[in-house]
Amino acid sequence: MQVIKYMFQPHGDERGQLVALEEFKDIPFRIKRVYFMYDTAEGVVRGFHAHKQLEQILVCVHGTCKVLLDNGKEKKVVSLEKPYEGLYVANNIWREMYDFSEDSVLLVLASELYDENDYIRDYDKFLEFVGCK
Ligand code: T46
């Protein structure tokens with residue numbers, strides 16, 4: 001499984017850093033939704049699902065976290081530690097987010113509006129969906 005981690009270009013000067021993200025330029029899809037998670041309690045693991053259509057970019061804009069990606073055949077763990085790193089998560093990938101630092105803010109840029117019907121929340125159904133069972 002290929003892991004795609006974007007390194008965004010910070011516009012830095014003596015005032016600090018600024019990262020700008022534009023659809024189809026820095027992000028490979030139209031951004032229809034943005035959400036973020038913060039105040040994540042210690043030891044929490046989030047996710048445990050895949051999406052049928054949705055593509056996303058995950059950016060830990062503050063603090064750190066880890067993301068497990070699973071395509072049904074192979075699993076990879078990616079650490080997000082810098083606010084200029086963006087992890088691309090394609091459709092049909094099971095994801096789990098964990099090891100959130102206390103100060104973490106995980107920002108997500110999504111290609112689709114929220115739709116519960118796009119979620120596969122059962123791991124066995126996910127394996128069937130991707131033809132691994
Ligand atoms: C994903 C990972 C990375 C909404 O009402 N609108 C939204 O856009 C989202 C994302 C969530 N919600 C509601 C649905 C639940 O009642 O917020 C609650 C928490 O969502 P969920 O349990 O799905 O959160 P995570 O962290 O398990 O997963 C989220 C995204 O849902 C998912 O698409 O890929 O982050």
Side-chain angles (χ1 to χ4, degrees):
M1 175 180 23
Q2 195 196 358
V3 171
I4 301 176
K5 204 194 231 187
Y6 290 91
M7 293 295 176
F8 305 125
Q9 180 64 58
H11 302 277
D13 59 26
E14 63 284 354
R15 296 170 297 174
Q17 303 295 333
L18 183 156
V19 171
L21 302 175
E22 293 187 19
E23 57 191 16
F24 299 129
K25 188 175 157 200
D26 311 282
I27 304 297
F29 50 75
R30 170 138 292 150
I31 302 164
K32 287 200 183 162
R33 178 166 54 107
V34 175
Y35 61 93
F36 52 92
M37 48 200 90
Y38 62 98
D39 273 356
T40 309
E42 198 183 342
V44 157
V45 186
R46 305 192 62 124
F48 294 105
H49 57 257
H51 283 279
K52 297 173 196 164
Q53 300 293 336
L54 185 71
E55 298 170 79
Q56 304 191 106
I57 299 271
L58 276 56
V59 185
C60 202
V61 289
H62 197 258
T64 60
C65 71
K66 289 195 177 77
V67 184
L68 176 137
L69 301 176
D70 176 352
N71 65 3
K73 295 189 190 109
E74 199 185 347
K75 297 179 189 200
K76 289 218 168 138
V77 172
V78 181
S79 293
L80 292 177
E81 298 178 343
K82 300 289 180 197
Y84 52 78
E85 295 175 338
L87 175 64
Y88 174 70
V89 183
N91 61 333
N92 297 339
I93 298 286
W94 187 266
R95 80 283 319 265
E96 296 169 19
M97 301 85 75
Y98 63 102
D99 260 8
F100 289 90
S101 62
E102 202 184 318
D103 57 350
S104 72
V105 180
L106 181 61
L107 175 81
V108 183
L109 308 174
S111 67
E112 304 296 336
L113 301 178
Y114 179 69
D115 177 7
E116 185 56 40
N117 294 321
D118 191 60
Y119 285 73
I120 307 170
R121 293 190 182 272
D122 180 283
Y123 191 70
D124 284 335
K125 286 193 181 134
F126 162 69
L127 291 179
E128 270 173 40
F129 194 80
V130 294
C132 291
K133 203 179 174 195

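Keep in mind it's a predicted model, so treat the numbers as computed, not measured. In listed order, ligands and their atoms are each counted from 1.
For atom 6 (N) of ligand 1, the nearest protein heavy atom is under 4.0 Å away. Taking a distance limit of 4.0 Å, we find that atom 16 (O) of ligand 1 is approached by no protein heavy atom.
The nearest protein atom to atom 27 (O) of ligand 1, hydrogens excluded, is given as Gly47 N, 2.9 Å; this is a heavy-atom distance. Here the heavy atom of the protein found nearest to atom 30 (C) of ligand 1 is Tyr35 OH, 3.2 Å. From the protein, the heavy atom lying nearest to atom 3 (C) of ligand 1 is Met97 CE, 3.4 Å. The closest protein non-hydrogen atom to atom 10 (C) of ligand 1 is Arg33 NH1, 3.4 Å.
When heavy-atom distances to ligand 1 are checked against a 4.0 Å cut-off, Arg121 comes that close only through its side chain, counted from C-beta outward.
Using cut-offs of 30° and 60° for the angle between ring planes, the Tyr114 and Tyr119 rings count as perpendicular. Using cut-offs of 30° and 60° for the angle between ring planes, the Phe126 and Tyr123 rings count as tilted.
Under the 4.0 angstrom criterion for non-hydrogen atoms, His51 is in contact with ligand 1.
Cluster annotation: Ile57 and Tyr38 are assigned to the same hydrophobic cluster (Ile/Leu/Val/Met/Phe/Trp/Tyr, side-chain heavy-atom contacts under 4.5 Å, transitive). Transitive grouping of hydrophobic side chains (ILVMFWY, heavy atoms separated by less than 4.5 Å) keeps Leu107 and Leu58 in distinct clusters. No continuous path of hydrophobic side-chain contacts links Val78 to Leu68 [ILVMFWY only; heavy atoms under 4.5 Å].
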Could you go through the side-chain hydrogen bond (donor to acceptor under 3.5 Å, both in side chains) check for Tyr35 and Gln56 one step at a time?
CA-CA 11 Å; Tyr35 61 93; Gln56 304 191 106; 2.7 Å; yes

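For the pair Arg121 and Glu116, the salt-bridge criterion is met [side-chain N within less than 4.0 Å of a carboxylate O].
The backbone N or O of Met1 sits less than 3.5 Å from a side-chain atom of Glu74, completing a donor-acceptor pair.
Counting only non-hydrogen atoms, the option in Arg46, His49, Arg95 that gets closest to atom 28 (O) of ligand 1 is His49. Checking Tyr114, Tyr119, Trp94 against atom 4 (C) of ligand 1, the nearest heavy atom belongs to Tyr114.
Close approach of ligand 1 to Met37 is summarised as follows: ligand atoms under 4.0 Å from at least one heavy atom of the residue are 26 (O), 35 (O).
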